[in-house]
Amino acid sequence: MTSISSESAAGQSLAPAYIMALGTFAIGTEGFMIVPLLPKMGEDLSLPVSALGSLVTVFTLTLAITSPLLTILFGRVDRKRLLVLTMAAFALANLVAWASEGYWGIFSARVLLAMAAGLYTPNANALMGALVVPEKRGRALAILNGGLTIAIAIGLPIGSLVGNALGWRVTFLGVAALSIIAVVALVARLPPTDGTEMRVASVAERLAIVKRPRVFRELAVIFFWALGTYSVWTYIAPYLNQVVGLGPNGISAIVSVWGIGAAIGIVLGGTLNDLMGARPVVAASLTLAVLVFLSLIFFARVLTPDQAIVPTVIAVAFWGIAIWAFYPAQIATLIQVGQPAVPIAVSLSTSFMYLGFAVGSAIGSVVLSRGGVGDLSITGVIGEGIALLVATYASARIRQPRRVT
């Protein structure tokens, strides 16, 4: 079997990145598409949307916890075989969700989906770094993780439209089909490699990185950023229904606006990071996010549905831009402070992000059940505000290197 080192020497082709990006596209589509479909699922399952938010929470929390543990557990397994089996498991879990008639079947499927997604993405990134020569590694990783960007921009709105038109179960069937296509592509086109030369960081090594003050501060920024946005995003459908008076098709259209804004934000954040540096982009993005959530509070409490429709569309577009412009700049900051253990620091960012998603969706569920949609954006303001304060403090500490421990 061809070794990792020989594959790296000949790794001029970016084809493996495109192949593995099929998997990240399927994962991203499934992870985001469920949110705008929660009202429809609630009608079919006779459950309130606030209760169904647990389907988002369990996915994000399971991924945050199991991703590093499973990556360590399967650290010596053939990487190609691992990616194929993981994507096959992801397809199977989608079929379980499609066939489930009750809440607990879907709940179990979401746990399996999270475990598969949390194992696929870090191992695909690790293998990508080994298959491609260093001078092309950045482009390859951008292509691989670009599957998530495309999922937000295209997969999310299509999933929302299809789910509202044909039923939410069909969306799981569609993602299962995408996953099977990814499996076939991985088997047929991914170069063979054993992957055993790729060392996986232990739990102790990961904890040691988290304990570094600079790294922990940047991970905390990611956590609160994720908490703030997901406390609102998880329940965007009931907000749009009650505040703007939109039905399923209107909600799908607004979700598309958010997805397009997110795609613009990722590109804009990366471009501005190269031009201005990470810190100004992070600060501007978080500030804009706070302003967006403040505006959503105002619309819910002051405006009528007819008055709120246009400003809400504008706010949602800027929400997508602000939230996702933050991400590439913050990862650049984490790379800066994570030296020389950058791969570990970046992998930890995924766990902190999904942990923030989980906590945010859980808090949003409580707010929705006890308060109302008008109060949801308060948690967004608080989350993004804390992220901005921590980022500002971290920036000040970096400018004073002698005081950093």
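Just the heavy atoms: all of them, side chains too, but no hydrogens, waters or symmetry mates, feed the values below.
- The two residues A289 and I323 come nearest to each other via the heavy atoms CB-CD1, 3.9 Å.
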S349 vs I331, side-chain contact (heavy atoms from CB on, under 4.5 Å): CA-CA, chis, key distance, verdict: CA-CA 8 Å; S349 71; I331 293 299; 3.7 Å; yes
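- L286 is not listed as a side-chain neighbour of V290, based on a closest heavy-atom distance of 4.5 Å or more.
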Test side chain to side chain donor-acceptor pair (under 3.5 Å) applied to Y103 and S54, step by step: CA-CA 10 Å; Y103 168 81; S54 60; 2.5 Å; yes
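- With hydrogens and angles left out, the side-chain atoms of W319 and T229 include a donor and acceptor closer than 3.5 Å.
- With a 4.5 Å cut-off on side-chain heavy atoms, L294 and E384 do not count as touching.
- Contact detail for G270 and P328: the closest heavy-atom pair is N-CG, 3.6 Å.
- In this structure, L368 and P238 approach most closely via the heavy-atom pair CD2-CG, 4.3 Å.
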Extract all donor-acceptor atom pairs below 3.5 Å that involve side chains of residues 172-185 and protein atoms in other chains or at least two apart in sequence.
residue	atom	partner	partner atom	Å
S179	OG	V175	O	2.8

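- The closest donor-acceptor contact from the side chain of Y239 to the backbone of L296 lies under 3.5 Å.
- Looking only at distances, a side-chain donor or acceptor of K80 sits under 3.5 Å from a matching main-chain atom of L190.
- Separating the CD1 atom in I150 from the CG atom in L22 is a distance of 9.5 Å, to the nearest 0.5 Å.
- A donor and an acceptor atom, one from each side chain of S361 and T234, are nowhere located under 3.5 Å apart.
- Side chains of Q336 and T333: no donor on one and acceptor on the other come within 3.5 Å.
- Taking all atoms of both residues into account, the shortest heavy-atom contact from T312 to A308 is OG1-O, 2.6 Å.
- For E101 and R169, the salt-bridge test fails: no basic side-chain N is under 4.0 Å from an acidic carboxylate O.
- Panel note: side chain Y120, backbone M20; a donor-acceptor pair is recorded below 3.5 Å.
- The OG1 atom of T171 sits 11.5 Å away from atom CG of L161, with the distance rounded to the nearest 0.5 Å.
- The closest side-chain heavy-atom distance from V35 to W233 is below 4.5 Å.
- Between A329 and V282, the shortest heavy-atom distance links the atoms CB-CG2, 3.8 Å.
- Although no hydrogens or angles enter the test, the distance criterion places a donor-acceptor pair under 3.5 Å between the side chain of N273 and the main chain of A278.
- Below 30°, between 30° and 60°, or above 60°: for W225 and Y327 the angle between ring planes is below 30°, a parallel geometry.
- In this structure, the side chains of M33 and S160 stay at 4.5 Å or more apart for every pair of heavy atoms.
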Verify side-chain contact (heavy atoms from CB on, under 4.5 Å) between L113 and F90, making sure each step is shown before the conclusion. CA-CA 5 Å; L113 287 165; F90 192 78; 3.5 Å; yes
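- With hydrogens and angles disregarded, a donor-acceptor distance shorter than 3.5 Å links the side chain of Q307 to the backbone of T304.
- Remark: the backbone N or O of L119 is paired with a side-chain donor or acceptor of N123 at under 3.5 angstrom.
- In this structure, OG1 on T62 lies 9.5 Å from CZ on R110, to the nearest 0.5 angstrom.
- Counting heavy atoms from C-beta outward, L45 and L52 have side chains that approach closer than 4.5 Å.
- Note that NZ of K40 is 12.0 Å distant from CH2 of W168, once rounded to the nearest 0.5 Å.
- Counting heavy atoms from C-beta outward, T121 and T350 have side chains that stay 4.5 Å or more apart.
- A distance of 4.0 Å separates CD1 of I65 from CG of L61, quoted to the nearest 0.5 Å.
- Taking all atoms of both residues into account, the shortest heavy-atom contact from T71 to G118 is OG1-O, 4.1 Å.
- Environment of OH in Y18: sparse, with no more than 12 heavy atoms of neighbouring residues, nucleotides or ligands closer than 6.0 Å.
- For R212 and E205, the salt-bridge test fails: no basic side-chain N is under 4.0 Å from an acidic carboxylate O.
- You'll find the side chain of S108 stays beyond 4.5 Å of the side chain of V96, heavy atoms only.
- Within the 3.5 Å criterion, the main-chain N or O of G42 finds no donor-acceptor partner in the side chain of S46.
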Are L388 and F224 close enough, and set up right, to give a side-chain contact (heavy atoms from CB on, under 4.5 Å), and what steps lead you there? CA-CA 9 Å; L388 179 59; F224 285 109; over 6 Å; no
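- The CD1 atom of I27 sits 9.5 Å away from the CD atom of E30 when rounded to the nearest 0.5 Å.
- Using modelled atom types, no side-chain atom of S395 and backbone atom of A391 make a donor-acceptor pair closer than 3.5 Å.
- Put simply, the side chain of Q330 never gets that close to the backbone of I222: no donor and acceptor are under 3.5 Å apart.
- Counting only N and O atoms by type, the side chains of T379 and S231 include a donor and acceptor under 3.5 Å apart.
- Residues L63 and F357 form no side-chain contact, since every pair of their non-hydrogen atoms from C-beta on lies 4.5 Å or further apart.
- Between the side chain of S351 and the backbone N or O of A64 there is at least one donor-acceptor pair closer than 3.5 Å.
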Checking side-chain contact (heavy atoms from CB on, under 4.5 Å) for the pair Y393/L389: CA distance, chi angles, key distance, verdict? CA-CA 6 Å; Y393 175 77; L389 290 174; over 6 Å; no
